[in-house]
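Have a look at the structure below before the remarks.
Quick note: residue numbers are just sequence positions, from 1.
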Amino acid sequence: MVKKLIVPGKIICVDNQDSILTNTALEIYDGIINSFIPTDKIQKDNYDEVYEAKNLTLIPGFIQTHVHLSQTLFRCLAEDLPLLDWLRLKIFPFENAHNETSLKVTAQLSINELLMGGTTTFLDMGTLRYGEVVLSEMITSGIRGFSGKCLIDINDLYPDFKSTAKKEISDIINLAKTFHNSANGRIKYSFSPRFVLSCSAELLKETKEIMKDFSGSVYHTHSSESVDEINEVRKRFNKENVEYLNSIGVLDDHTVLAHCVHTSDSERKMLKDRNTKIAHCPSANMKLASGVAPIPQYLKEGISVTFGADGAPCNNNLSIFNEMRLASLIQKPILGAGVMDAKTLFRMATIEGAKALHLQEEVGSIEIGKKADLVLIDLDSYSNSYSDSDDSVYSDIVFSSTTENVKGVMVDGKWLVKNRESLVYDQQEVVINGKEQLKELLKRI
């Protein structure tokens, strides 16, 4: 048994009582949180490692419920376009040009950025091909997450970038059998139709049925992101986007819909009744001029909302801090200064994310028996609050901090970032590889 002890200045538990602990150390046995120890009771000789971090605050690892690892290579190459043009002119051609090597490198770049920013669990929307490459890299890296190849059997925007329903279904069954619950359950498969406009009803429905055979997996798609998208859905099916998904029976509590910027009253009732989860991506919604999602209304109505940075070409980074901050700021001018408070945002980025992915018994808070997915954050920088009050700590994290404040990251009790250094990737090497692979990829378009 490996016994570790972390001795932080403060512990933000995110439990049901929103406990904030001081003068307390966290004991970890074989990657599981074992107990809280008063600092005056510590017996250092009992541990394989004692990590002194009294100048840092210990928080649960962040959880992002919508990212695109395959797109990180394309950062800053798809600017100033609305969603459908962004896909047609840039993203689909780029993704179509991926080979196994470029996809591995973009996965490394993405996971590195997520870990360095304190994200320990994510839900990834894969690309059309080579899904095994991303899942294998996730296993190797030590991060926790879900991924699955995106499903496309219709593509009027970029016809070269599609498959057939039959092949898509065969591929996802093989991938799910191989990767779901791999790495001792750390890696799970997600069934990922790209969006309504790129999938036949057969593919959407059959994928949902297959998902039910893989306990703990999720159904992950985009919905109601832009007005143009919704107008096209309406034209094809004479239904709203969420309404259509509901009509074919794919909405339930294991469905995660990215965006939901534009929904009707009846669609919101469907989301609530089906206990469907929404992944909110405010940076992408602003960047692509998609709109402002009615997040306070969703929350008021009891609909699950969590955060994702989406893809680097529409953000342009993968920082959970940006998403928390922006999610609040875009609502306040519309609805008043009191909406979207810092504690709510922080919980959405941690325990609520875990609940959306049905991982709340394992991660999302610092509680005995849960996995040690943890982040050490420095709240003593010149740009952070000068108050030691517990009342300001959530605001300090959400509104005053960035990824640079993250100093340590642990998943399953294993350090992946320590003293602001990645123990997984060589920072210089991964960037050099990214630049080389991008040059080669662009030649294939």
Side-chain angles (χ1 to χ4, degrees), residues 66-74 78 83-104 106-107 123-138 146-180 188-214 217-223 225 229 232-233 236-237 241 244-245 248-250 255-258 311 313 441 444-445:
H66 183 67
V67 294
H68 289 261
L69 304 194
S70 66
Q71 294 179 6
T72 299
L73 210 56
F74 318 138
L83 174 65
L84 296 184
D85 287 345
W86 181 82
L87 290 170
R88 177 174 60 88
L89 298 173
K90 300 292 184 178
I91 299 306
F92 282 168
F94 289 155
E95 287 192 35
N96 193 51
H98 263 310
N99 62 20
E100 291 172 275
T101 305
S102 63
L103 191 58
K104 180 175 181 176
T106 194
L123 173 57
D124 172 53
M125 167 73 67
T127 190
L128 184 62
R129 307 179 189 97
Y130 315 118
E132 68 281 357
V133 172
V134 172
L135 288 154
S136 296
E137 187 60 36
M138 290 166 62
F146 295 69
S147 184
K149 69 174 252 53
C150 78
L151 304 175
I152 302 177
D153 67 339
I154 298 168
N155 197 338
D156 297 337
L157 295 172
Y158 194 76
D160 287 349
F161 189 60
K162 69 178 178 181
S163 183
T164 63
K166 183 178 179 181
K167 185 175 189 308
E168 294 288 69
I169 289 164
S170 172
D171 286 350
I172 61 176
I173 291 172
N174 290 333
L175 285 167
K177 285 180 176 177
T178 303
F179 289 101
H180 186 56
K188 298 184 188 297
Y189 197 76
S190 53
F191 294 87
S192 309
R194 192 68 176 240
F195 67 149
V196 165
L197 298 180
S198 69
C199 296
S200 64
E202 173 197 0
L203 183 56
L204 289 166
K205 290 190 286 188
E206 183 64 22
T207 300
K208 188 64 180 182
E209 289 306 307
I210 295 166
M211 184 213 80
K212 295 173 184 176
D213 293 332
F214 294 89
S217 63
V218 297
Y219 188 90
H220 178 207
T221 190
H222 301 85
S223 181
E225 183 174 357
E229 166 207 1
E232 184 60 31
V233 171
R236 289 191 197 180
F237 305 108
N241 206 326
Y244 175 71
L245 291 170
I248 60 172
V250 300
T255 299
V256 179
L257 300 183
L441 181 144
R444 296 195 290 270
I445 295 176

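- Side-chain N/O atoms of Asn99 and Arg129 include no donor and acceptor closer than 3.5 Å.
- Residues satisfying the side chain to side chain contact (heavy atoms under 4.5 Å, CB included) test with Thr72, not counting sequence neighbours, are Arg75, Thr106, Leu109, Ser110, Glu113, Ala312, Leu318.
- Side-chain polar atoms of Ser136 and Lys104 form no donor-acceptor pair below 3.5 angstrom.
- Pairs of residues two or more places apart, or lying in two chains, that qualify as salt bridge (charged side-chain N to carboxylate O under 4.0 Å, His left out) and include a residue from residues 161-176 are Lys149-Glu168, Lys167-Asp171.
- Rounded to the nearest 0.5 Å, atoms CG (Leu128) and CG (Asp160) are 11.0 Å apart.
- Sorted by first then second residue, the side-chain hydrogen bond (donor to acceptor under 3.5 Å, both in side chains) pairs that include residues 195-205, not counting sequence neighbours, are Asp153-Ser200.
- The list of salt bridge (charged side-chain N to carboxylate O under 4.0 Å, His left out) pairs with a residue in residues 87-102, not counting sequence neighbours, reads Asp85-Arg88, Glu95-Arg194.
- Checked against salt bridge (charged side-chain N to carboxylate O under 4.0 Å, His left out), Lys177 has no partners two or more places apart in sequence or in another chain.
- At least one donor-acceptor pair under 3.5 Å links the side chain of Thr221 to the backbone N or O of Pro193.
- A centroid separation of less than 6.0 Å is found between the aromatic rings of Phe74 and His98.
- Panel note: side chain Ser217, backbone Phe191; no donor-acceptor pair is recorded below 3.5 Å.
- Annotation: side chain to side chain donor-acceptor pair (under 3.5 Å) contacts of His68 (sequence neighbours excluded): His66, Gln71, His222, Asp310.
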